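Just so you know, these numbers come straight off a predicted model, no measurement behind them. We count residues from 1, following the sequence as given. Only heavy atoms go into these numbers, but all of them, side chains included; no hydrogens, no water, no symmetry mates. We count ligands from 1, going down the list as the structure has it; atoms in each ligand are counted the same way.
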Amino acid sequence: MRIAILALQGAFAEHARMMQKIGAETFEVRQAADWEQPKDGLIIPGGESTVMLKLLHELNLFEPIKRDIEQGLPVYGTCAGLILLSKEVDNANSSYDRLATMNIHTCRNAYGRQMGSFATTAPMKGIAEPVPMTFIRAPYIESAGEGVEILAEVDGHIVAAQQGNQFVTAFHPELGQDTRVHEYFSHLVSSSASH
Ligand code: GLN
């Protein structure tokens, strides 16, 4: 399994480390030529969605990535990555088009400044025992539309969801030691490859 990691900004190295730990091969996507490499899936890391979006457009990565996701390439978006995949975003604060491939309405910087960063443990569908969840100036999903399965909620807010081959978490599993969320994504990638 070969996973592209969007490496323009943010916590991309941590995702690569997690995927390698569970036996996947990874490569970094920094420019349009990188995107032409063979891949079975993509991770869009956390970071700053406004910066990532600007770079995606300026580096001509936006169109090819959006097209491949629309054609079924499995994608995992964490935090800022979740924002980029959301059809609707409150407080988006960017004039650039988002990838907007996932039928979710997201509230950016949803927890406010005080509550921006916190850690908790909560159950997630598809994973047997509760999952440690680290939130950093996190968004949450306000509402999920057709075709979206809600996988986890914290304090009544949706923090993990899936729509077909698209998977998102508002929290950062790449910052801990627990590989189960990355394993969840790798199962999604392998089941999509067998179709
Ligand atoms: N607040 C950031 C944004 O709007 C997301 C934070 C994160 O990815 N950790 O992009």
Worksheet item: So, are Glu63 and Arg67 salt-bridged, with charged N and O less than 4.0 Å apart?
Response: no
Practice prompt. Give the C-alpha distance, both sets of side-chain angles, the deciding distance and a yes or no for side chain to side chain donor-acceptor pair (under 3.5 Å) between Tyr184 and Gln162.
Written response: CA-CA 11 Å; Tyr184 182 92; Gln162 185 177 338; 2.5 Å; yes
Worksheet, complete the sentence: Test side chain to side chain donor-acceptor pair (under 3.5 Å), reference Thr179, set Gln177, His182, Glu183, output is Glu183
Worksheet item: When the ring planes of His157 and Tyr140 are compared, do they come out parallel, tilted or perpendicular, using 30° and 60° as the limits?
Response: parallel
Fill in: Partners meeting side-chain contact (heavy atoms from CB on, under 4.5 Å) with Glu129 (sequence neighbours left out)
Arg180
Worksheet item: So which residues, sorted by chain and number, lie with a heavy atom under 4.0 Å of ligand 1?
Response: Gly46, Gly47, Glu48, Ser49, Cys79, Ala80, Ile83, Arg108, Asn109, Ile136, Arg137, His172
Fill in: Test log, rule side chain to side chain donor-acceptor pair (under 3.5 Å), inputs His57 and Asp97
CA-CA 9 Å; His57 283 272; Asp97 283 348; 5.8 Å; no
